[in-house]
Amino acid sequence: HSYSNLLQAVERKSDGSPRFCRKTWAYKPDRAHYCSEVNRCVLQYQTFSVTLNSAIGFYNYKCYLLSLLYLGLAHGTAAAMLMPSVVSSLRADYVEGELPAAVQALLLGGPQAAQGLALLCTTISATLGSGALAWLLCHASLVVQGVTATEAWRQGGCSRRKRPKPPLVGRPFDF
C-alpha cells in the first residue's frame with residue numbers, strides 16, 4: 001500500500017486497534033482522511049481544489065499555497081496597472097446623477113467601450129485577487145496552528161457525522 005513507509009505513524013483508536021478506512025480497505029496513518037473526489041485517503045488532507053483537479057494534502061500543499069499567492073499577486077498587479085486609466089476616464093466623464101460614459105458604452109456599445117471593459121476587468125481582477133489572498137491567509141493561519149482544514153472544521157463542531165476530537169497536547173504531528 002502507498003502508506004507502507006508510514007507504518008510507524010499508524011494512529012491507534014482508543015481501544016488500541018489501528019484506524020482502518022472501510023472505503024479504501026487500508027490502514028490509515030495519522031492525519032489521513034478520505035477524499036471522495038479522488039476515492040482514496042490523503043495524508044494531511046486539506047481540501048479538493050477544482051482549479052488544480054487534485055486533492056490538496058501533504059505532498060502538494062506548498063504548491064497550492066504558492067498558487068494562491070501568485071494568483072493574488074497577479075490579479076492585484078493587473079488591477080493596479082488598470083486603475084489609473086479607469087479612474088481618470090471616470091473623472092473626466094463624471095456628470096452629476098448619470099452613469100459614467102464608460103459604463104454606458106459598455107452596456108450599450110459605443111466609442112468608450114474599451115474604457116468600460118477596463119473598468120470591468122479591474123473590478124474582476126481586484127475581486128479575484130483579494131479573494132485568493134484572503135483564502136491564503138486562512139490557510140496560513142491553519143499552518144501556524146499546525147492543523148489541517150478538515151481537523152479545524154471538525155474541531156469547530158461543523159461535522160455532522162463525527163464529534164470533535166480532544167485537542168492534541170503540543171504539536172506531535174508537526175511535519
Side-chain angles (χ1 to χ4, degrees), residues 2 31-162 164 167-168 171 173-175:
S2 61
R31 304 182 82 185
H33 300 282
Y34 180 76
C35 176
S36 60
E37 287 85 0
V38 295
N39 294 324
R40 64 183 174 107
C41 289
V42 179
L43 185 63
Q44 283 191 350
Y45 177 66
Q46 297 287 338
T47 185
F48 181 79
S49 174
V50 177
T51 55
L52 298 176
N53 193 26
S54 177
I56 306 302
F58 178 72
Y59 295 106
N60 59 356
Y61 194 42
K62 178 183 175 184
C63 297
Y64 178 68
L65 295 178
L66 286 174
S67 69
L68 286 176
L69 176 67
Y70 296 148
L71 178 74
L73 292 177
H75 279 289
T77 303
M81 291 173 65
L82 287 170
M83 190 63 72
S85 65
V86 168
V87 170
S88 66
S89 70
L90 291 177
R91 282 188 184 167
D93 298 336
Y94 181 72
V95 177
E96 186 76 30
E98 287 186 18
L99 284 174
V103 176
Q104 288 178 356
L106 182 63
L107 296 174
L108 305 173
Q112 292 181 329
Q115 291 174 344
L117 185 61
L119 173 65
L120 180 67
C121 289
T122 303
T123 305
I124 290 172
S125 283
T127 304
L128 288 175
S130 61
L133 290 176
W135 193 239
L136 176 66
L137 287 175
C138 175
H139 277 282
S141 69
L142 292 174
V143 168
V144 168
Q145 294 172 12
V147 298
T148 65
T150 306
E151 293 165 352
W153 185 261
R154 187 173 173 184
Q155 289 292 40
C158 298
S159 178
R160 286 183 267 163
R161 289 179 259 157
K162 297 181 178 180
L168 298 171
R171 296 176 68 167
F173 303 115
D174 189 4
F175 289 109

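Here, residue 1 is the first one in the sequence, and each next residue gets the next number.
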Worksheet item: Closest heavy-atom contact between Gly57 and Asn60?
Response: N-OD1, 2.8 Å

Discussion item. Holding to side chain to side chain contact (heavy atoms under 4.5 Å, CB included), I want the full list of residues that pass it with Val38, two or more places apart in sequence or in another chain.
Written reply: Cys35, Arg40, Val42, Phe48, Ala55

Practice prompt. Heavy atoms only: give me the nearest Ser67-Leu52 pair and the separation to one decimal.
Written response: OG-CD1, 4.4 Å

Worksheet item: Between CD1 of Ile124 and CG of Leu117, what distance do you get to the nearest 0.5 Å?
Response: 8.5 Å

Response to the item:
salt bridge (charged side-chain N to carboxylate O under 4.0 Å, His left out) pairs touching residues 130-153, sequence neighbours excluded, are Arg31-Glu151

Worksheet item: Do you know which two heavy atoms are closest between Pro84 and Ala80, and how far apart they sit?
Response: CD-O, 3.2 Å

Item to complete: Can you sort out the partners of Asn53 under side chain to side chain donor-acceptor pair (under 3.5 Å), two or more places apart, ordered by chain and number?
Response: none

Under 3.5 Å donor-acceptor pairs involving side-chain atoms of residues 68-79, not counting sequence neighbours:
unit_1 : atom_1 : unit_2 : atom_2 : d
His75  : ND1    : Ser125 : OG     : 3.4
Thr77  : OG1    : Leu73  : O      : 2.7

Worksheet item: Looking at side-chain heavy atoms only, is the closest gap between Tyr34 and Asn39 below 4.5 Å?
Response: yes

Side-chain donor-acceptor pairs under 3.5 Å in residues 128-138, sequence neighbours left out?
unit_1 : atom_1 : unit_2 : atom_2 : d
Ser130 : OG     : Ala126 : O      : 2.9
Ser130 : OG     : Thr127 : O      : 3.1
Trp135 : NE1    : Tyr64  : OH     : 2.7
Trp135 : NE1    : His139 : NE2    : 3.4

Discussion item. Once rounded to the nearest 0.5 Å, what's the spacing between atom CD of Glu37 and atom OG1 of Thr47?
Written reply: 8.0 Å

Worksheet item: Please, which pairs that meet ring pair (Phe, Tyr, Trp, His ring centres under 6.0 Å) have at least one residue in residues 104-123, sequence neighbours excluded?
Response: none

Practice prompt. For Thr122, enumerate each residue passing the side chain to side chain donor-acceptor pair (under 3.5 Å) test, keeping only those at least two apart in sequence or located in another chain.
Written response: none

Discussion item. Suppose we screen for side chain to side chain donor-acceptor pair (under 3.5 Å). Which residues come up paired with Thr123, at least two apart in sequence or across chains?
Written reply: none

Fill in: Close side-chain approach of Tyr61 and Gln44, heavy atoms under 4.5 Å
no

Item to complete: Could you tell me which residues satisfy side chain to side chain contact (heavy atoms under 4.5 Å, CB included) with Ala152, sequence neighbours excluded, listed by chain and number?
Response: Leu142, Val147

Discussion item. Which residues pass the side chain to side chain donor-acceptor pair (under 3.5 Å) test with Ser36, not counting sequence neighbours?
Written reply: none

